Protein chains: 2
Amino acid sequence: MDLFTQSLPVSCALSLSSHERCNAYMKFEAATIKDIAKALGLSTSTVSRALRDSYEISEATKKKIKDYAAQINYRPNPVALSLKEKRTLSIGVLVSEIANTFFSQVINGIESIAYKNGYNVIITQSKESVEREEMILDYLTSRSIDGLIISVSAETNDFTNLKQLHEKGLPIVFFDRVVEEINTHKVVTDNLDGVYRATQHLLQNQCKRISVIANNANLSITKERLAGYKKALNEYKMNIDESLIKYCDHGGLIVEEVEKVVDELLTLKKKPDAMVLLADKITTETFSILKKKNINMPQDIAVIGFNNSKYTSLFSPALSVISQPAFEMGEQAAQLLLNLIESKRAVTDFKLEALAPEIIIRESSQISSR
Amino acid sequence: MDLFTQSLPVSCALSLSSHERCNAYMKFEAATIKDIAKALGLSTSTVSRALRDSYEISEATKKKIKDYAAQINYRPNPVALSLKEKRTLSIGVLVSEIANTFFSQVINGIESIAYKNGYNVIITQSKESVEREEMILDYLTSRSIDGLIISVSAETNDFTNLKQLHEKGLPIVFFDRVVEEINTHKVVTDNLDGVYRATQHLLQNQCKRISVIANNANLSITKERLAGYKKALNEYKMNIDESLIKYCDHGGLIVEEVEKVVDELLTLKKKPDAMVLLADKITTETFSILKKKNINMPQDIAVIGFNNSKYTSLFSPALSVISQPAFEMGEQAAQLLLNLIESKRAVTDFKLEALAPEIIIRESSQISSR
DNA sequence: CCCTTTAATGCAACCGATTGCAATGCTTTA
DNA sequence: TAAAGCATTGCAATCGGTTGCATTAAAGGG
């Protein structure tokens with residue numbers, strides 16, 4: 001009986017030397033500590049300790065074991081480690097849509113930090129749907145993530161599920177769309193100030209009837225952004241006309257809802273002369289609709305809105321935007337989450353980081369010609 | 001000694017009823033089969049079998065167990081399952097950049113299929129760097145993914161690592177940028193035909209000197225796309241001028257490399273009158289550069305290029321694009337990967353799916369006025 | 001020379017679930 | 001009435017790694 005017939009036909013790395021004798025017939029199976037122990041005539045505990053450089057193991061055996069491990073390209077099985085250590089070294093991220101530039105930039109930020117700390121990122125998207133969000137939360141937590149970074153979906157207004165998870169001890173960090181009732185770290189843009197400055201800019205450009213199209217009224221960002229709008233109007237002693245404030249319950253993900261509110265605004269007896277668009281998707285959809293209707297920006301309507309895509313500078317007219325520091329938000333959220341995960345004792349001092357947005361004025365809102 | 005002091009202080013779900021008595025002090029720990037067994041005075045095997053509806057367990061105990069499990073909201077620990085079953089129910093996805101619309105659409109497609117089949121998707125990005133790609137591959141495989149969907153980075157031309165993984169039995173599906181030498185499923189756009197038709201369109205519009213800016217010459221997509229360009233020129237009996245063919249080794253991720261080749265093209269003695277842009281990022285960068293230089297499109301230079309963003313229709317001039325069926329690519333790639341993962345026997349019949357791109361002609365390439 | 005100390009290694013339990021193989025007790029049949 | 005059959009349930013090994021607690025043997029001390 002030679003060296004190879006000893007081994008079971010299905011197992012691959014087991015009795016083999018460092019040379020690959022595997023092929024597509026067999027499952028991808030890595031070498032284990034047991035293989036090393038068997039090959040070297042030692043116990044698994046000795047091997048384990050040697051690989052972790054324990055003082056209890058003699059230098060000679062350590063070297064022997066480490067050399068052999070390197071030779072067969074041994075990697076500890078993370079699944080086994082997770083089971084033992086009760087952590088998965090992975091964090092979940094839930095956003096409404098990956099394809100949204102803002103979110104993909106945030107994800108980049110999260111990834112950069114997570115990666116640096118040996119954490120894995122599981123990215124999911126709710127597509128603004130409550131059911132999907134519930135399903136994903138269930139899924140993510142049953143998949144045992146160590147923590148969660150989330151921007152809640154537009155539709156959601158019942159947070160009992162999330163609250164329960166939090167109470168059970170799952171570390172959570174909110175960003176962008178936060179849940180006030182849950183007491184944990186939050187990273188947001190200074191939404192109030194961003195919209196305040198954007199509205200101010202329009203007012204300085206002689207706009208008299210400034211309309212807004214907001215996301216779902218439930219969302220924290222909607223409330224904050226509307227507050228900024230109102231603050232600016234108040235400052236200019238203009239009264240607030242509720243007919244100029246419109247909402248898109250699905251955050252603009254459904255084209256028709258945007259078309260509907262734009263039409264409503266355009267058919268008002270006293271038409272608006274400006275629009276502040278309070279969500280990324282709503283901004284591009286509205287811009288597209290206005291263009292299709294051959295409405296001149298900024299002459300007919302001055303437009304400024306939230307958006308994080310570089311492409312908006314290529315639009316015609318080049319679009320004025322409120323741009324959020326998305327990458328930094330991701331970094332900060334990830335760092336705060338890792339702090340939570342790795343803190344030995346209960347954290348009670350929660351931070352609310354509000355990062356400054358950037359207002360980029362381009363053609364679509366500058367009415368020097370009016 | 002009452003019901004609660006019996007339990008260890010650190011463990012949470014253990015001796016508790018369905019009501020949460022956990023809080024932020026304690027780690028998030030779910031109920032286990034052992035808890036159910038203990039609570040009901042049964043063995044773990046009975047509980048396990050009951051939950052999986054085994055015929056061996058009496059209906060009475062089954063009901064008792066299932067009711068209690070539902071009551072305490074029991075979920076099997078996926079980590080333990082993974083260890084036992086040697087699979088993680090998660091697949092890795094490696095793309096060059098998540099923020100690229102094409103890739104985020106592909107990811108959407110992958111997710112939709114993976115999700116439906118109970119698989120988890122771990123998304124990673126190489127940012128076109130070989131080192132990052134190697135690191136991620138190492139990381140992903142050490143994290144025990146069940147399979148991999150990958151579009152290789154522009155920089156990479158050594159595939160031994162990937163080849164080894166494949167030979168060891170890791171199921172891999174390539175999409176977009178494929179590796180010819182590795183024999184497995186591949187999902188691509190019909191790149192040759194797409195560029196052929198785009199070039200043809202320019203030729204029909206009387207363009208005489210059509211330049212191209214391609215991605216890294218190593219990439220499969222570059223070769224296929226250039227072949228389409230050449231096929232069209234040949235058909236129109238035009239000879240191929242190598243000075244009109246430029247490459248961006250980093251796929252346009254570095255702005256300067258695009259600026260450099262655009263400048264080279266614009267300072268040629270015999271200037272090009274059209275540009276075909278063979279990669280998404282290169283398309284938008286070039287468009288932006290041309291706009292900045294106040295070059296009229298299509299009058300001075302007709303432009304068409306690969307891009308999957310909806311935004312291109314809002315550009316001025318509206319940009320003509322070759323759009324790839326990204327979502328479907330993702331779906332198909334994921335389905336093929338799941339087939340590989342779940343097939344009992346070795347797969348030897350590998351598919352090469354080539355999906356038709358869509359050519360969307362807009363203002364930037366239509367020279368009726370010339 | 002025997003006893004204690006110390007260094008080096010192995011045994012076995014554990015993490016949470018699954019599963020082949022008993023073991024138990026009850027009913028049925030010859 | 002004993003043997004066989006069957007329905008239920010439990011024991012224990014397993015997945016791959018970690019770790020507290022032996023165990024062993026060699027070295028040092030009295």
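These figures come from a predicted structure and were not determined experimentally.
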Could you check how far [atom1] of [X] sits from [atom2] of [N], rounded to whole Å?
{"X": "Leu81(A)", "N": "dC15(C)", "atom1": "CG", "atom2": "P", "result": "16 Å"}
{"X": "Ile72(B)", "N": "dG16(C)", "atom1": "CD1", "atom2": "P", "result": "13 Å"}
{"X": "Asp35(A)", "N": "dC15(D)", "atom1": "CG", "atom2": "C1'", "result": "13 Å"}
{"X": "Asn77(B)", "N": "dT18(C)", "atom1": "CG", "atom2": "P", "result": "10 Å"}
{"X": "Ile33(A)", "N": "dA12(C)", "atom1": "CD1", "atom2": "P", "result": "18 Å"}
{"X": "Leu89(A)", "N": "dG17(D)", "atom1": "CG", "atom2": "P", "result": "15 Å"}
{"X": "Leu51(B)", "N": "dT9(D)", "atom1": "CG", "atom2": "P", "result": "14 Å"}
{"X": "Ile65(A)", "N": "dT18(D)", "atom1": "CD1", "atom2": "C1'", "result": "14 Å"}

Grab the two heavy atoms, one from [X] and one from [Y], that are nearest each other, plus how far apart they are.
{"X": "Lys168(A)", "Y": "Asn73(B)", "answer": "NZ-ND2, 4.1 Å"}
{"X": "Ile145(A)", "Y": "Thr88(A)", "answer": "CA-OG1, 3.7 Å"}
{"X": "Ser151(A)", "Y": "Arg177(A)", "answer": "OG-CD, 3.1 Å"}
{"X": "Val179(B)", "Y": "Lys186(B)", "answer": "O-NZ, 3.2 Å"}
{"X": "Ala37(A)", "Y": "Thr44(A)", "answer": "CB-N, 3.9 Å"}

For [X] and [N], is the shortest distance between a side-chain N/O and OP1 or OP2 below 4.0 Å?
{"X": "Lys86(B)", "N": "dG16(D)", "answer": "yes"}
{"X": "Tyr55(B)", "N": "dT9(D)", "answer": "no"}
{"X": "Lys34(B)", "N": "dC15(C)", "answer": "yes"}

For a quick check of understanding: with a heavy-atom distance under 4.0 Å over all strands, which category does Arg75(B) fall into, base, sugar-phosphate or nothing? sugar-phosphate

Scan Thr61(B) against the nucleic acid and name what it touches under 4.0 Å (heavy atoms): base, sugar-phosphate only, or nothing. sugar-phosphate

If only side-chain N and O atoms count, and only distance matters, is there a donor-acceptor pair under 3.5 Å linking Gln71(A) with Asp67(A)?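 Judged by distance alone, the side chains do not pair up.
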
Which sits closer to the 5' end of DNA chain D, Leu83(B) or Ser58(B), going by the nucleotide each is nearest to?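 Mapping each residue to its closest nucleotide by heavy atoms, the 5'-most match is Ser58(B).
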
Once each nucleotide of nucleotides 19-25 of chain C is scored for protein heavy atoms under 4.0 Å, what B/S/- sequence comes out, 5' to 3'? BB-----

In Å and rounded to the nearest 0.5 Å, what is the CZ to CG distance from Phe174(A) to Leu162(A)?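 The CG atom of Leu162(A) is 4.5 Å from CZ of Phe174(A), to the nearest 0.5 Å.
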
